[in-house]
Amino acid sequence: MKIQLQDGSIKEIEKGSKEAFDVLNHSTSHLMAEAISELYPEAKFGFGPSIEEGFYYDIDFNDQVITDDDLAKIEKKMHEIASKGQKIIRKEVSKKEALEIFKKNPYKVELINGIDSQITIFSQGEFVDLCAGPHLLSTEPIKHFKLLNIAGAYWRGDSKNKQLTRIYGTSWYSDEELKNYLQMVEERKRRDHRLLGKQLDLFMISEYGPGFPFWLPNGMTLRNNLIDFWTKQHIKYDYEFVDTPIILSRELWEISGHWDHYRQNMYTLKIDDKDFAIKPMNCPGGILVYKNSIHSYRDLPIRMAELGHVHRHEASGALNGLFRVRTFTQDDAHIYCRRDQLTDEIITLLNFYEEMYSVFGLKYSIELSTRPEEGYIGDIEVWNQSEKILEEACRKSGHEFKINPGDGAFYGPKLDFKLKDSMGRIWQCGTIQLDMNLPHRFGMYYIDENGEKVEPIMLHRACLGSVERFIGILIEHYAGAFPEWLAPVQINILPVNNNYHLNYAKELKDLFKKKGYRATLDASEEKLGYRLRNSQVKKIPLTIVIGDNEVKDRSVTYRRYGQKDQVTISLEEFIKMVDKDIEMKIAY
RNA sequence: GCCGGCUUAGCUCAAUUGGCAGAGCAACUGAUUUGUAAUCAGUAGGUUGUAGGUUCGAUUCCUAUAGCUGGCACCA
């Protein structure tokens, strides 16, 4: 298929490509704008790009509120216009001409005034838009689209500016693709950790504590198992563990710089007329531990891990289930090392993270965030060197990464590990940060081979990031059907008949308990089908049915979650299988 | 925090134009003793988020407020 570029050239592209999707969606956003300008002549348009899964357009409706009914109306108009199959015409204009065309639209005027290069406009019928393309040759292929939702969005992404109405939509080349996409959106909703968290009694959030999650017994089991694994991994990688106080005095936060920079996001309180703060981060406490004794160059690297319970005052509108909360547990660690140990430490960390995430089958991407344009501390030479070290560590250990320019912390560059939730939203989980600030501020040192005091290099790192967020991602990743090693209940035992089979069932439950399995026995006076269904609804990995045959042979008939077939094996084999599943952390 | 939307039984949702708050599931009680995704019958369950207002009368309309939610901004 053919598309037209900004310079007027025609390019042949493949219909299934990402580029083709983008062009279609961009042209659909123009079609939507055309429909809107017919229905609401006063509407002024801002940005209207294609995005990952569709498109949006930001529109100033002069304070008129747009509802779902309006969306339906706009969609109808779009179909009407598209059926005419208008040509999409590109034209080059001068700045003066452009300003004349868009004189009624302050947003486009602002954009035009910011353009130094060639200005192009694309038009279809009566509708003209300032645009760099690329576009379809006509509106003819635009048939299979849907407007999805309405949102508010600040002009140019700045909360100081006016908020426009953003309409999101998605557009595809065939009805089948559109249907598939909408079906996938539904599936994502079914996997939403907030929904599953409720269904499976994992956690709750009370209106008495917005953003402060409660862990219910099932969720706590899951969490404890995760943390148990986490602890073992850290022991394997030679970490020590500490725990530092949740409340510390204002002076400490002044030294660390948090009191000045981030007080708005900190919960503060007075104790005996003195200012204190609830920790939003663990580093200052960790540093006090480091400073509690004198360290020799021989002691380094020191790797100190802490499951730190932090509180941050997040904006009310930012709260989102377990993904964005006001209190969470960071699987934090601080590594203090010499300069010559740094690269190896980072490579080890990269491998460590790889090992952790792969246990869950989670895909991730790495971003290297570099020095911010402004507000950074320390000298550029050290920054450049540090960035190079992070880069080199990725290269040496064979990890691909993307550079995220200017997004580093003010105190140093970092590697961020991003995981996707079921909605396709990206969440930062792991991080490795090089800190060129705190060791100095806190006057940290170790004694080198000449007996001199030397400042150590400090790495902040979190692998899961937030235990809460990570579990949220796990819930969605597994759609609530956890592998045995994590599942709140691993085995559900169903006796066919309580008069004849209950004894063996109880014997099994006792045995499983001794083995450390989490097993339940459902001896309620319900039909087997009913109890089996309950077992599936609760997403219990293994459901075993005990009847005459099993009692006679001392065997077990089991069925895995989500599978229809039943397998009968000896009790010994069953135990061997469960042990292996748990040990190997197998997910079915 | 900002722009929209939502809030009815433990859960999922109904309730005509403003006119007696209702169902399924879960719970409880009883019967049923069950071989792979819902046995039957009954009982109980509510200050319709909260506080005001309009009205003879409010789940329904208005105002405020809290929480949730789709985005935006924010995320050290």
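Note that the structure is predicted; figures quoted are calculated from it, not measured. A note on names: the letters A, B, ... follow the listed sequences, proteins ahead of strands, and every chain is numbered from 1.
The listed nucleotides are B/A37, B/G70, B/A76; the one nearest the side chain of A/N265 is B/A76. Taking every side-chain heavy atom of A/A153 into account, B/C72 is the closest of B/G35, B/C72, B/A37. Here B/U34 is the nucleotide among B/G71, B/G67, B/U34 with the atom lying nearest to any side-chain atom of A/E525. Checked against B/A37, B/A76, B/G70, the side chain of A/V537 finds its nearest nucleotide in B/A37.
In this structure, CZ of A/R441 is placed 12 Å from C1' of B/A76, rounded to the nearest angstrom. The distance between atom CG of A/D158 and atom P of B/C3, rounded to the nearest whole Å, is 16 Å.
In terms of polar N and O atoms assigned as donor or acceptor, the side chain of A/Y154 never comes within less than 3.5 Å of the base of B/G71 in a complementary pairing. Contact annotation: side chain of A/E550 to base of B/G35, donor-acceptor pair present below 3.5 Å. Side-chain atoms of A/E314 stay outside donor-acceptor range of the base of B/C75, with no qualifying N/O pair under 3.5 Å. Between the base of B/A76 and the side chain of A/R312 there is a donor-acceptor pair shorter than 3.5 Å. Side-chain atoms of A/R559 come within donor-acceptor range of the base of B/A37, with a qualifying N/O pair under 3.5 Å. Evaluation of atom-type donor-acceptor distances gives a pair under 3.5 Å for the side chain of A/R324 against the base of B/C74.
Residue contacts shown for A/D548 include a base, since a base heavy atom lies under 4.0 Å away. If you check every strand for non-hydrogen atoms under 4.0 Å, A/Y411 touches sugar and phosphate atoms only. Among the protein residues, A/G157 comes within range of the sugar-phosphate backbone only, with heavy atoms under 4.0 Å from sugar or phosphate atoms but none that close to a base. Heavy atoms of A/V545 sit under 4.0 angstrom from at least one base atom. Looking at heavy-atom distances under 4.0 Å, A/N549 makes contact with a base. Contacts of A/G317 with the nucleic acid, taken as non-hydrogen atoms under 4.0 Å apart, include base atoms. Counting any heavy atom pair closer than 4.0 Å across all strands shown, A/E526 reaches a base atom. A/A151 comes within contact range of at least one nucleobase, with a heavy-atom separation under 4.0 Å. Nucleic acid contact class of A/A409 (heavy atoms, under 4.0 Å, all strands): sugar-phosphate only. Residue-level contact check: A/R194 touches the backbone only, with heavy atoms under 4.0 Å from sugar-phosphate atoms and none from bases. If you check every strand for non-hydrogen atoms under 4.0 Å, A/S535 touches nothing.
Checked against the 6.0 Å centroid criterion, the rings of A/Y376 and A/F410 do not qualify as a close aromatic pair. Centroid-to-centroid, the aromatic rings of A/Y411 and A/H460 come within less than 6.0 Å. Aromatic rings of A/F55 and A/H26 (six-membered ring for Trp) have centroids beyond the 6.0 Å cut-off, not under it. Taking the six-membered ring wherever Trp is involved, the centroid distance between the rings of A/H309 and A/F328 does not fall below 6.0 Å. Taking the six-membered ring where the residue is Trp, the centroids of A/Y353 and A/F417 are separated by under 6.0 Å.
A donor-acceptor pair under 3.5 Å is formed between the side chain of A/R469 and the backbone N or O of A/Q428.
Comparing A/G209 and A/D68 by the nucleotide of RNA chain B that holds the closest heavy atom to each, the one mapping nearer the 5' end is A/D68. Taking the nucleotide of RNA chain B with the nearest heavy atom to each of A/K198 and A/N498, the more 5' of the two is matched to A/K198.
Taking atom P in both B/U60 and B/U47, the straight-line distance is 15 Å, to the nearest Å. Taking the C1' atom of each, B/A23 and B/U48 are spaced 16 Å apart, rounded to whole Å. Comparing the same atom, C1', in B/A73 and in B/G52 gives a spacing of 33 Å after rounding to whole Å. For B/A76 and B/C3, the P atoms lie 25 Å apart once the distance is rounded to whole Å. Taking the P atom of each, B/A64 and B/C6 are spaced 16 Å apart, rounded to whole Å. Across B/C11 and B/G30, the matching P atoms stand 27 Å from one another, rounded to whole Å. B/C72 and B/A26 are spaced 40 Å apart, taking the P atom of each and rounding to whole Å.
Heavy-atom neighbours of A/K179 NZ from other residues, nucleotides or ligands within 6.0 Å: at or below the threshold of 12.
In this structure the side chain of A/Y290 never reaches within 4.5 angstrom of the side chain of A/F442, judged on heavy atoms.
Between A/Y168 and B/C72, a side-chain N or O to OP1/OP2 separation shorter than 4.0 Å is present. The phosphate of B/A26 (OP1 or OP2) has a side-chain N or O of A/Y530 nearer than 4.0 angstrom.
Side-chain polar atoms of A/D70 and A/T67 form a donor-acceptor pair below 3.5 angstrom.
Base-pairing analysis of RNA chain B finds the following stems of at least three consecutive Watson-Crick or G-U pairs, with both pairing distances under 3.5 Å: B:1-7 with B:66-72, B:10-13 with B:22-25, B:27-31 with B:39-43, B:49-53 with B:61-65.
Here the options are A/R190, A/R188, A/R194, the test is salt bridge (Lys or Arg N to Asp or Glu O under 4.0 Å), and the partner is A/D192; only A/R194 passes.
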